[in-house]
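In the text below, chain A, chain B and the rest are named by the order of the sequence lines, each starting its count at 1.
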Amino acid sequence: MKSGYVKENYVSDAAIFETPAPKYWTCALVIFLLVYPLFGSEYMVYLLTVMCITLIGALGLNIVTGFTGLISLGHGAFLGVGAYTSSILTKSIGVPFWVALPCAGLAASFVGILFGLPSLRLKGLYLAIATLAAQVIILFVIRQFPGLTGGDMGLIDIPRPSFFGYVLDTNTKYYYLCLILAGGFLLFSRNLFRTRIGRSFIAVRDRDISAEVMGVNLFSTKLTSFAISSFFAGIAGSLYAHQVISIVPEVFELDLSIFYLSVIIIGGMGSILGTIHGTIFMTMVPEILRMTADMMSGISPNMSALLPHLKLFTFGFLIVFFLVYESEGLVKIWKDIKNYWVLWPFKY
Amino acid sequence: MDFIVQLIINGISLGCIYALLALGFVIIFKASGVINFGLGEFMALGAYICVTLLSQYHVPLIPAALLTMGFAIIMGLTVERVMLRPLIGESIISVIMVTLGLAAMLKALIIMVFGVKALEYPPLVSDEPWFEWESVFIDNIYVIVMIATAVCIVSLTFFFKRTRYGNAMRAVANDQIAAQSMGMNVGRLFALAWSIMAILTALGGFLLGAQSGLQIGIAHIGLRVFPVVILGGLDSIVGAIVGGIIIGILETFSSVYLGDYFAGNVGEVTTFIGLIVILMVKPFGLFGTEEIEKV
């Protein structure tokens, strides 16, 4: 924090960028991301698409867990709800994508509210347990209707989105869609916490008794937060389904919820920038693990079979490591580095 | 009629194992207010260690049991020292997330070390049923389960009500900072709590594996503890037992009677639907303390 730097009116206090420099860097980043497919590799474009989708999901989880203080273990299942809704709507009923996408979000939101109603009435960690139940129940229900959802075998041949005849059939075209959507949701989330509703979420997290005294209705605030979070999860799930063309129930199990939790814990709970950091980091980790496994496969051929378990182990380990040593996540490390750079040779 | 009695007995036996796991959960919650999501993995780890000792290394039963208990105690101490002590005083959310991370690590570790195939149990008890009346069987293993559970209940209730350490753990659960200012060694008490939990869950896992086979899917059963503790009350030992037996019977009956209509694991889903219902109707559970503030 530079000294002698003051804010003179409410507009500048609530601004997203405090100084001009980040604005220019952000513009540069956006331009870079937009032109990247022209010279980048197809695989990196695919990875960036995955990052955008994960970002939307992680933003949702951060809203409910990082900003409102409610642990949700059912995020994977809500992604599943969104994925299956969107796939069934576009594949079996032929609904166009730009209708199916919001429907997926709304369906996930609705299911979220369903599970939130009994548990959000109570203070404490009951949402965590209820979302665990949701995780189990939702996946069970998905498996019950093989005619509709393909049961255990899942759905295949999910159509790529098409806008008035223009089909997004290549990775690059889908990348632009996800990029635009991720940017939109990012802007929405960042602005959410400049509004009264967003600040009420933070109030509920920090000291709910005081929030109640000030007139924040705890139950409806928590429910709204959970509904928004599930909506994001539904959108992310739908985007995921249309990217990978085929989905199975196993993808949306508890492991996915733990993955998203690790994204926000490692990136920084309660911070939008932290979500971005966490997403990039956690998308890179499986890639690095895969490369390591490939390198080691010369020495020990079993490595690639162990890969999914190695991934789970690393996620768990990273969660524990970051919680014990740097509980505010990567974004704190980033801020510390920035402060050091700006303030050197002074400490503050 | 006999069939129903048999189902009830099976349900009670399964329920006793759930009760053991729930006891482990309640210990941790009573001592530190932490919801341990890694219960299933602790259970699986203890069971795997014990069975490996018995079958692969042919260690006789009593030394194997003692070794497993020792291992469980070491696990509990390590977890407490490495993960919980740095987080004393931090928000409870962090500790819960740590248990989640630990669960993920343990699960992956078990698969990597022991593999995914089922492990064989050495023959422990004879196949002759202990009690046979018309067509109702009570297998020997069920008897062992029930006796073990009863022993655990009695000793733990005594521990928490009468001994110094038990009362100290309850004090720490009530108010960590006040307990610290009274001079209680919170770290050591957590270590004790986690060790007891590790022993209980290892025992539960071992018995569960003896009843239905041991493979990594067993860790999933750890999630089953949540309906039990919600029904019984998060901090009640009696509730853990009663809840465990009720959930065990519920699961057995629903998987037998409803299993034909639905694909997948009906018993499990029924218990979780029961969880949601209990949250709506009686969130403190049957015996839990009514400290939960309603919003």
Is the count of non-hydrogen atoms from other residues, nucleotides or ligands lying under 6.0 Å from [X] atom [atom1] greater than 12?
{"X": "F321(A)", "atom1": "CZ", "value": "no"}
{"X": "I197(A)", "atom1": "CD1", "value": "no"}
{"X": "F110(A)", "atom1": "CZ", "value": "no"}
{"X": "K30(B)", "atom1": "NZ", "value": "yes"}
{"X": "I333(A)", "atom1": "CD1", "value": "yes"}
{"X": "F145(A)", "atom1": "CZ", "value": "no"}

Grab the two heavy atoms, one from [X] and one from [Y], that are nearest each other, plus how far apart they are.
{"X": "A128(A)", "Y": "F37(B)", "answer": "CB-CZ, 4.0 Å"}
{"X": "M97(B)", "Y": "L323(A)", "answer": "CB-CD1, 3.4 Å"}
{"X": "A104(B)", "Y": "G316(A)", "answer": "CB-CA, 3.9 Å"}
{"X": "M105(B)", "Y": "F317(A)", "answer": "CG-N, 3.3 Å"}
{"X": "A130(A)", "Y": "I276(B)", "answer": "O-CD1, 4.2 Å"}

Within the 4.5 Å heavy-atom criterion, are [X] and [Y] side-chain neighbours or not?
{"X": "V98(B)", "Y": "I319(A)", "value": "no"}
{"X": "L73(A)", "Y": "L100(B)", "value": "yes"}
{"X": "Y126(A)", "Y": "L234(B)", "value": "yes"}

Contact class of V82(B) relative to chain A, heavy atoms under 4.5 angstrom |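 Backbone only.
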Quick one: what part of I35(B) sits under 4.5 Å from any heavy atom of chain A, side chain, backbone, both or neither?
->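 For I35(B), the contact with chain A is made by the side chain alone.
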For the atom pair [atom1] ([X]) and [atom2] ([Y]), what is the distance rounded to the nearest 0.5 Å?
{"X": "L275(B)", "Y": "I137(A)", "atom1": "CG", "atom2": "CD1", "result": "7.5 Å"}
{"X": "M269(A)", "Y": "S94(B)", "atom1": "CE", "atom2": "OG", "result": "5.5 Å"}
{"X": "I110(B)", "Y": "H309(A)", "atom1": "CD1", "atom2": "NE2", "result": "12.0 Å"}

Which one, [options], leads in non-hydrogen pairs under 4.5 Å with chain B?
{"options": "D255(A), L312(A), T65(A)", "answer": "L312(A)"}
{"options": "S327(A), S119(A), A134(A), P118(A)", "answer": "P118(A)"}
{"options": "F315(A), F313(A), F322(A)", "answer": "F313(A)"}

Please list, in residue-number order, every residue in residues 236-244 of chain B that has a heavy atom less than 4.5 Å from any heavy atom of chain A; write 'none' if there are none.
->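 Expected list: none.
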Quick one: what part of [X] sits under 4.5 Å from any heavy atom of chain B, side chain, backbone, both or neither?
{"X": "I258(A)", "result": "side chain"}
{"X": "D208(A)", "result": "neither"}
{"X": "Y325(A)", "result": "neither"}

Out of T271(B), T99(B), L102(B), I230(B), which one racks up the most heavy-atom pairs below 4.5 Å with chain A?
->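 Maximum pair count with chain A is reached by I230(B).
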Among V95(B), L84(B), I273(B), V229(B), which has the most heavy-atom pairs under 4.5 Å with chain A?
->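 Option with the greatest count: I273(B).
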Mind checking what makes salt bridge (Lys or Arg N to Asp or Glu O under 4.0 Å) contact with E326(A), not counting sequence neighbours?
->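 Salt bridge (Lys or Arg N to Asp or Glu O under 4.0 Å) check on E326(A) returns nothing, list empty.
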